[in-house]
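First the structure, in the form of structure tokens, and then the observations on it.
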Amino acid sequence: MSSKIPDSCYACDSSPSSREHVPPKCLFPTELGQNLRKDLITVPSCEVHNGKKSDDDEFLLASLAGIVGCNNIGMLHKFTKVDRAIRRSGGRLLKKVLKTSEVKSHKLEDGNVVDIAWGKPDLERLHTCFSLIGLGLYFHELGERFKGKVTCEVVYVPINDRGRAGYREFAVEQMHKELSTSKVKGENPEVFQWVIGPRDPSGACCGKVVFYGNLSVYLAFIPESFKEDDFVNLYDIAKSASKPVYIQKDGKRFRIN
Ligand SMILES: [Zn+2]
């Protein structure tokens with residue numbers, strides 16, 4: 001085994017000052033009577049890319065645990081750790097997670113009442129968090145820093161724009177196929193699973209992360225050497241068309257405007 005000290009942070013060229021959990025440790029519950037913190041991943045990190053210091057970790061936790069679609073582990077984690085954090089912050093944390101929010105009381109079948117927060121998630125900040133998780137997993141898997149951009153498709157958040165939704169469906173289908181031969185990893189699958197696909201000759205690849213059983217995010221690793229001008233964005237072109245535009249691939253059709 002190599003004893004070489006990593007010379008850079010997982011996300012930039014700075015010297016590492018600590019190790020960062022990928023994804024953040026707080027996502028993995030400790031209070032549910034089972035070990036859900038088996039072999040957590042850590043990578044070398046500089047001060048700036050340490051999520052604990054920027055409170056990104058708490059933001060991500062409150063954005064994932066307890067949202068519609070997550071499994072029992074995610075729900076139970078919400079009722080313990082997340083609710084405590086929200087109370088401690090006097091509601092400020094909830095305002096950060098949901099840009100516009102209102103809390104509605106909902107009566108369950110057994111007569112109990114739960115408060116449910118509705119609102120628009122802070123997607124921009126979520127994208128930053130997921131991109132960093134992608135960079136961390138890449139570093140862990142391949143032993144080197146990915147130099148480029150990581151874009152995300154947060155598929156558990158619906159898109160209202162029909163063209164954009166169709167384009168996402170198309171992109172996700174292609175990534176899904178590309179990942180089908182790669183091994184899905186994660187020692188605590190009820191909390192977190194991940195997969196990174198093979199790199200193509202340009203160095204590009206894709207990946208997928210799944211939180212609490214169902215909350216999926218697809219990641220595209222786009223190397224620095226890619227020039228955006230060299231690529232035609234079909235979705236942008238289709239936007240101005242007066243007739244429906246479709247992408248057809250492998251016998252499937254995706255409307256992208
Ligand atoms: Zn850094």
Side-chain angles (χ1 to χ4, degrees), residues 11 22-23 60 63-64 67-70 120-142 146-186 192-257:
V22 182
L60 186 66
S63 298
L64 288 169
I67 78 159
V68 173
C70 74
K120 248 176 114 115
D122 185 345
L123 270 179
E124 206 175 310
R125 192 168 176 193
L126 268 181
H127 278 215
T128 307
C129 293
F130 293 137
S131 298
L132 287 171
I133 289 174
L135 288 176
L137 294 172
Y138 187 98
F139 192 105
H140 174 74
E141 174 97 329
L142 294 147
F146 177 75
K147 292 180 179 166
K149 194 166 82 175
V150 183
T151 62
C152 333
E153 290 293 349
V154 185
V155 291
Y156 66 88
V157 177
I159 298 178
N160 291 326
D161 180 85
R162 185 180 56 197
R164 181 69 190 85
Y167 192 71
R168 172 158 93 180
E169 221 182 296
F170 165 72
V172 163
E173 176 101 2
Q174 307 315 308
M175 290 194 268
H176 179 72
K177 267 185 218 144
E178 220 173 297
L179 293 170
S180 60
T181 53
S182 300
K183 190 175 182 284
V184 178
K185 298 179 182 177
F192 181 64
Q193 286 182 296
W194 62 283
V195 54
I196 290 185
R199 285 184 286 187
D200 75 10
S202 73
C205 64
C206 61
K208 184 187 181 186
V209 289
V210 183
F211 301 91
Y212 305 119
N214 293 310
L215 309 176
S216 302
V217 180
Y218 282 84
L219 305 167
F221 294 80
I222 302 158
E224 267 173 349
S225 54
F226 270 45
K227 297 277 170 291
E228 281 191 33
D229 299 349
D230 294 347
F231 289 86
V232 180
N233 188 329
L234 293 169
Y235 164 67
D236 281 339
I237 294 172
K239 251 195 308 204
S240 52
S242 55
K243 287 185 178 158
V245 176
Y246 297 93
I247 301 181
Q248 191 146 349
K249 199 162 185 225
D250 305 327
K252 278 196 185 171
R253 254 180 13 153
F254 304 88
R255 181 166 178 183
I256 58 164
N257 69 341

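We're numbering straight along the sequence, starting at 1.
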Item to complete: Give every residue pair that meets the salt bridge (charged side-chain N to carboxylate O under 4.0 Å, His left out) criterion with at least one member in residues 244-255, sequence neighbours excluded.
Response: Glu173-Lys252, Lys177-Asp250
Worksheet item: Would Leu137 and Ile196 count as a side chain to side chain contact (heavy atoms under 4.5 Å, CB included) if you check the C-alpha gap in whole Å, the side-chain angles of each, and the deciding distance to 0.1 Å?
Response: CA-CA 8 Å; Leu137 294 172; Ile196 290 185; 3.9 Å; yes
Item to complete: Would you mind reporting whether Val155 and Val217 have side-chain heavy atoms less than 4.5 Å apart?
Response: no
Fill in: Short side-chain to backbone donor-acceptor contact, Asn214 and Gly69, under 3.5 Å
yes
Item to complete: Report yes if the side chains of Leu215 and Val210 come closer than 4.5 Å at any heavy-atom pair, otherwise no.
Response: no
Worksheet item: Do His127 and Val154 touch side chain to side chain, with heavy atoms closer than 4.5 Å?
Response: yes
Worksheet item: Is there a side-chain contact between Pro198 and Ser182 (heavy atoms, below 4.5 Å)?
Response: yes
Fill in: Beyond-backbone contact of Leu126 with Leu60, side-chain heavy atoms, under 4.5 angstrom
yes
Worksheet item: Where is the tightest heavy-atom contact between Pro23 and Ile133, given as atom of each residue plus distance?
Response: CB-CD1, 3.8 Å
Discussion item. If the condition is ring-ring contact (aromatic ring centres under 6.0 Å, His included), which residues does Tyr212 pass it with, not counting sequence neighbours?
Written reply: none
Fill in: Shortest non-hydrogen contact between Pro223 and Gly203, atoms and distance
CG-C, 3.7 Å
Discussion item. Nearest 0.5 Å, please: how far is CZ in Phe226 from NZ in Lys149?
Written reply: 11.0 Å
Practice prompt. Look at the aromatic rings of Phe130 and Phe211 and report parallel, tilted or perpendicular, splitting at 30° and 60°.
Written response: tilted
Item to complete: Working to the nearest 0.5 Å, report the span between SG of Cys205 and CD of Glu141.
Response: 9.0 Å
Item to complete: Determine whether more than 12 heavy atoms belonging to other residues, nucleotides or ligands lie under 6.0 Å from atom CD of Glu124.
Response: no
Worksheet item: When you measure from the side chain of Asn257 to the backbone N and O of Val245, does any donor-acceptor pair fall under 3.5 Å?
Response: yes
Practice prompt. Taking the side chain as every heavy atom from C-beta outward, state whether Leu179 and Tyr218 have any pair of such atoms under 4.5 Å apart.
Written response: yes
Worksheet entry | Euclidean distance, Ser216 OG relative to Glu153 CD, rounded to 0.5 Å | 12.5 Å
Discussion item. Set out, in order, the CA-CA distance, both residues' side-chain angles and the distance that settles side chain to side chain contact (heavy atoms under 4.5 Å, CB included) for Ile159 and Arg168, then state yes or no.
Written reply: CA-CA 9 Å; Ile159 298 178; Arg168 172 158 93 180; 3.5 Å; yes
Practice prompt. Evaluate the side chain to side chain contact (heavy atoms under 4.5 Å, CB included) criterion for residues Thr151 and Leu219: first the C-alpha distance (whole Å), next the side-chain angles of each, then the deciding distance (0.1 Å), finally the verdict.
Written response: CA-CA 6 Å; Thr151 62; Leu219 305 167; over 6 Å; no
Worksheet entry | Separation between CZ of Phe221 and CG of Leu135, rounded to the nearest 0.5 Å | 6.5 Å
Practice prompt. Just grab all the salt bridge (charged side-chain N to carboxylate O under 4.0 Å, His left out) pairs involving residues 199-216, residues at least two apart or on different chains.
Written response: Glu144-Arg199
Item to complete: Report the C-alpha separation of Ile256 and Tyr246 in whole Å, then their side-chain angles, then the decisive distance to 0.1 Å, and conclude whether the side chain to side chain contact (heavy atoms under 4.5 Å, CB included) test is met.
Response: CA-CA 6 Å; Ile256 58 164; Tyr246 297 93; over 6 Å; no
